[in-house]
Each structure stands twice: as structure tokens, then as C-alpha cells.
Asks: 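I'd like to ask you about the structure that follows.
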Number of protein chains: 2
Amino acid sequence: MKRNTWQREAVREALGSNEGFVSAQSLHSTLRDTGSPIGLATVYRALADLAVEGEADSLQSLEGESLYRACTQGQHHHHLICRNCGLTVEIEADAVELWAQSVASEHGFTQANHVVDVFGLCAECTVQTRLAR
Amino acid sequence: MKRNTWQREAVREALGSNEGFVSAQSLHSTLRDTGSPIGLATVYRALADLAVEGEADSLQSLEGESLYRACTQGQHHHHLICRNCGLTVEIEADAVELWAQSVASEHGFTQANHVVDVFGLCAECTVQTRLAR
DNA sequence: TGTATTATTGATAACGAATCTCATTACTGT
DNA sequence: ACAGTAATGAGATTCGTTATCAATAATACA
């Protein structure tokens with residue numbers, strides 16, 4: 001049976017108070033910085049659970065790290081993510097869903113999953129980057 | 001200046017004689033099995049170079065491993081990949097390209113990249129999976 | 001052709017993300 | 001309150017990948 005612990009709650013909350021996607025590692029250090037003695041393994045476990053339960057969204061960064069974010073929509077959706085600050089916009093794309101399914105079945109593939117995410121620089125980071133040069 | 005070595009050539013060839021995406025590790029052991037004394041670090045380096053030069057395609061597997069494949073089309077494209085055997089079909093999706101660009105700019109994002117890949121079971125693996133049960 | 005230059009190699013160490021182990025802790029139903 | 005047992009966490013472990021650095025070998029040029 002599943003139990004409620006302050007650790008899980010802490011992870012849920014830390015995730016919720018974050019704008020964009022974060023890695024398990026950085027979430028862990030954020031928690032430690034705020035005085036929580038939570039363990040790294042626990043953060044990984046909590047995030048994995050949240051992802052399974054649909055309370056969190058996960059994706060792989062371009063570098064291959066797993067990133068998590070509190071999920072605001074129940075349904076399947078995709079993301080527009082800022083490479084620089086992690087800001088994320090959830091996007092729906094029925095057209096893309098249909099496209100993925102049809103491409104798969106056209107080639108005889110079944111049980112199709114798809115990974116569709118757009119990475120870029122958000123408006124703010126675009127400005128900052130320009131100024132930096 | 002860039003030099004031509006048999007190692008690079010061996011990686012290029014091993015990659016070319018492969019149907020689907022392969023990891024650097026498995027490409028390395030394939031090479032070793034055929035008697036080549038090539039080093040693992042060299043395989044990683046060669047693959048990274050090929051990817052930069054556009055001679056190879058790379059993507060992250062669902063488990064976070066980097067996979068490579070000889071690139072047959074020069075242009076940008078996406079993949080339909082069998083989760084089981086690695087068989088890959090290159091797909092073009094102008095509609096998806098346009099969608100990604102417009103979604104990004106609608107939200108003020110610039111320099112948009114996108115990750116669009118479909119994973120599934122190819123026809124053959126679908127049959128095998130059914131038989132296995 | 002010989003030689004100096006220097007890119008490349010490869011064994012190994014190092015790294016980082018993620019998972020596993022297992023003794024300890026602390027939820028929860030009774 | 002108590003027993004049963006899910007959850008925790010420090011640390012070890014695994015695995016993919018990158019860095020180190022001395023040795024090697026591809027190239028330019030005399």
C-alpha cells in the first residue's frame with residue numbers, strides 16, 4: 001500500500017513551485033538548500049512515481065538527462081522549452097498526434113509512441129543573449 | 001588539419017553496414033569482434049565527428065543512450081524506429097517542420113530546434129511479440 | 001625520401017546520472 | 001499501542017560518456 005510521507009510532499013511541492021523542467025539532481029539540491037534533509041534516491045523515486053501517476057511530466061533533455069515538471073494538463077501533450085532558462089509551454093497538437101499514428105501504421109508499425117518536443121530560446125532569453133554580445 | 005585514419009574509415013563502414021540505429025558501445029564491440037583493435041574512445045570520437053559533418057544521424061533512445069546511424073539523406077528528417085530490433089525508417093514531415101516553427105514563434109521563441117521521433121514495433125517484431133505470448 | 005610537426009589514438013582514469021542494497025525509520029490499519 | 005511493512009537514505013554500484021596524456025602515425029615540406 002502507498003503511504004504519504006513528508007518527502008513525497010516536499011518533492012511534489014518543489015516541483016510545483018518551479019516554472020520549467022528540472023532535473024532530479026537540481027531539485028534535490030534545491031531541497032537541500034532550503035534545509036530539507038531529503039535523500040537523492042528518494043527524490044528520484046518520488047519523481048518516477050509522480051510521472052507514473054500522471055502528476056508530473058518527464059522528458060529527456062538534449063543532453064540525455066531526465067527532466068521533470070509538474071503536470072498541469074491531464075492529457076497527452078508536448079512542450080516548447082527554453083534551452084536557457086527552462087521555461088516551458090505546454091502545447092497540444094492533434095495534427096501531430098494523427099500524423100504520428102498514420103506514419104507508423106503506413107510502415108506497418110504498431111504500438112507507436114512518439115517524442116515531440118521543441119527547444120528554443122524564449123523571448124526573454126533571446127533578448128538577453130543579444131545583449132550579451 | 002584533419003587526417004584520414006583507418007579507424008575513422010572502419011567506423012564509417014561499420015555504421016554504413018548497419019540497418020538501424022546503434023550505440024557507440026555496440027558498434028565498438030562489433031568492430032572488436034571482427035578483429036579490429038580500435039579503441040572505444042576513438043569510436044565515440046569518430047561518431048561525434050560524423051554526426052557533426054552530417055554523415056551520421058544521432059538521437060537519444062528512450063533510455064537516454066545516444067544512438068547513431070549512417071545518414072542516407074542530406075536534409076533534415078525524422079525517424080520511425082523499432083523499439084525491439086532498431087529498424088529505422090527515415091521520414092520527412094514538412095508539415096511538422098512548419099508546425100514546430102510556427103508554434104515556437106507564436107510563443108516568442110527563437111532558434112527553435114525540435115525532437116520528433118516515433119518509436120513503435122515494426123511489422124516483424126509485432127508478429128514475434130504476438131507469438132511469444 | 002627523410003624529417004619535423006602535430007592530429008589522432010587508446011588504455012585508463014574520471015565523471016555524472018541513475019539505480020540498487022539493506023539496515024533503519026515511520027506510516028497505517030487494527 | 002502495536003505489528004506489519006512501505007519508504008527512506010547513505011553509500012556502493014552500474015553504465016554511458018568524456019578527459020588525460022604518453023605513444024603513434026598521417027601529413028607538409030625541405
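Note that the structure is predicted; figures quoted are calculated from it, not measured. Proteins come first, then strands; the chains are lettered A, B, ... in the order of their sequence lines, and each starts at number 1.
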Asks: What residues form a side-chain hydrogen bond (donor to acceptor under 3.5 Å, both in side chains) with Glu9(A), not counting sequence neighbours?
Replies: Arg12(A)

Asks: Got Trp6(B) and Ser36(B) here, is their nearest side-chain heavy-atom distance under 4.5 Å?
Replies: yes

Asks: What integer distance in Å separates Gln60(A):CD from dG16(D):C1'?
Replies: 13 Å

Asks: What parts of residues 2-23 of chain B reach DNA chain D, counting only heavy atoms under 4.0 Å away?
Replies: Arg3(B), Asn4(B)

Asks: Rounded to the nearest Å, what distance is computed from the CE atom of residue Met1(B) to the P atom of nucleotide dA7(C)?
Replies: 9 Å

Asks: Salt bridge (charged side-chain N to carboxylate O under 4.0 Å, His left out) with Glu63(A): which residues, sequence neighbours excluded?
Replies: none

Asks: How many whole angstroms separate atom CG of Asp49(A) from atom P of dA7(D)?
Replies: 7 Å

Asks: With the side chain counted from C-beta on, respond yes when Val103(B) and Phe109(B) share a heavy-atom pair under 4.5 Å apart, and no when they do not.
Replies: no

Asks: If you restrict it to nitrogen or oxygen atoms, what contacts under 3.5 Å exist between nucleotides 12-16 of chain C and the protein, and what is each distance?
Replies:
none

Asks: Under 4.0 Å between a side-chain N/O of Ser66(B) and OP1 or OP2 of dT17(D), yes or no?
Replies: yes

Asks: CG of Leu47(A) versus P of dA17(C): gap in Å, rounded?
Replies: 14 Å

Asks: Would you kindly give the CZ-to-P distance between Arg45(B) and dA11(C), to the nearest whole Å?
Replies: 11 Å

Asks: In whole angstrom, give the distance that lies between atom CZ of Arg32(A) and atom C1' of dG9(D).
Replies: 9 Å

Asks: What pairs meet the salt bridge (charged side-chain N to carboxylate O under 4.0 Å, His left out) rule with one or both residues in residues 13-41 of chain A, with sequence neighbours excluded?
Replies: none

Asks: Does one side chain, of His114(B) or Glu97(B), offer a donor that lies under 3.5 Å from an acceptor on the other?
Replies: yes

Asks: So does Gln111(A) get a backbone contact from the side chain of Arg83(B), meaning a donor-acceptor N/O pair under 3.5 Å?
Replies: yes

Asks: Is the closest side-chain heavy-atom distance between Trp99(B) and Val118(A) below 4.5 Å?
Replies: yes

Asks: How many whole angstroms separate atom CD of Glu63(B) from atom P of dA17(C)?
Replies: 19 Å

Asks: For Thr42(B), which residues count as a side chain to side chain contact (heavy atoms under 4.5 Å, CB included) partner, sequence neighbours excluded?
Replies: Gln7(B), Ile38(B), Arg45(B)

Asks: I want to check one thing: is the phosphate of dT18(D), taken as OP1 and OP2, less than 4.0 Å away from some side-chain N or O of Tyr44(B)?
Replies: no

Asks: Whole Å only: how far is the OH atom of Tyr68(B) from the C1' atom of dG16(D)?
Replies: 11 Å

